[in-house]
Amino acid sequence: MTDDRYRLRPLRDARERTERVKRGELAAAIGDAASRAEGVMAAEARVAAARDAVSAARAARETCVGEAHRLAGAERYVERRRRALAAAQDELARAAAARDAQAGEVDAARTRLVGARADREVIERHFAAWREQKAKERDRRED
């Protein structure tokens, strides 16, 4: 078949493989972005739970009026809950930053895929023009 004699066929095949690889990279980046978004939602839930725990600890501290040793223990408990809340908020900030960075990676992967598709399309157009030229040459020979 005449397609087998096309001298840029290996280049076309390489471009097709590159596009498949870039599609895979984009899919992996999107998967990572989804998992990081889930991580952010989980961190938000932990922050909400920590806020509730701080509120509950404050309410418990208010019931300890007049008893010094119970009041001191309640204060320490409130401080532990506040530290847990601060840690949860830090975790949320890190998760949100990671999600935003992954969104940038998804955009970069999408851009690379668009470039790979454009390269493949250039080769396909050249291939189509080459087939058309060969068909015209055959028609001229027949005439």
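In what follows, residues are counted from 1 in the order of the sequence shown.
- Residues Val40 and Arg99 approach most closely at CG1-NH1, 3.4 Å, considering heavy atoms.
- To the nearest 0.5 Å, atom CZ of residue Arg15 and atom CG of residue Asp119 are 4.5 Å apart.
- Nearest heavy-atom pair across Arg82 and Val54 is N-CG2, 3.8 Å.
- Sorted by first and then second residue, the pairs that involve residues 45-63 and meet salt bridge (Lys or Arg N to Asp or Glu O under 4.0 Å), not counting sequence neighbours, are Arg46-Glu91, Arg61-Glu75.
- When the side chain to side chain donor-acceptor pair (under 3.5 Å) test is applied to Glu121, the partners found at least two apart in sequence or on another chain are Arg125.
- Hydrophobic cluster membership differs between Leu71 and Tyr77, with clusters built from Ile, Leu, Val, Met, Phe, Trp and Tyr side chains linked at under 4.5 angstrom.
- Residues passing the side-chain contact (heavy atoms from CB on, under 4.5 Å) test with Glu137 are Gln133, Lys134, Arg140, Arg141, sequence neighbours excluded.
- Side-chain contact between Ile30 and Leu26 is present, with at least one heavy-atom pair separated by less than 4.5 Å.
- Residue pairs satisfying the salt bridge (Lys or Arg N to Asp or Glu O under 4.0 Å) criterion with at least one member in residues 31-45, sequence neighbours excluded, are absent.
- For Asp107, the salt bridge (Lys or Arg N to Asp or Glu O under 4.0 Å) partners two or more places apart in sequence, or in a different chain, are Arg110.
- Looking only at distances, no side-chain donor or acceptor of Gln89 sits under 3.5 Å from a matching main-chain atom of Val47.
- Using a 4.5 Å cut-off on side-chain heavy atoms (C-beta onward), Arg112 and Arg117 make no contact.
- The two residues Arg81 and Ala57 have their closest heavy-atom pair at CG-CB, 3.9 Å.
- Note that OG1 of Thr18 and CD of Glu16 are 10.0 Å apart. Values are rounded to the nearest 0.5 Å.
- For Arg120, the side chain to side chain donor-acceptor pair (under 3.5 Å) partners at least two apart in sequence or on another chain are Glu19.
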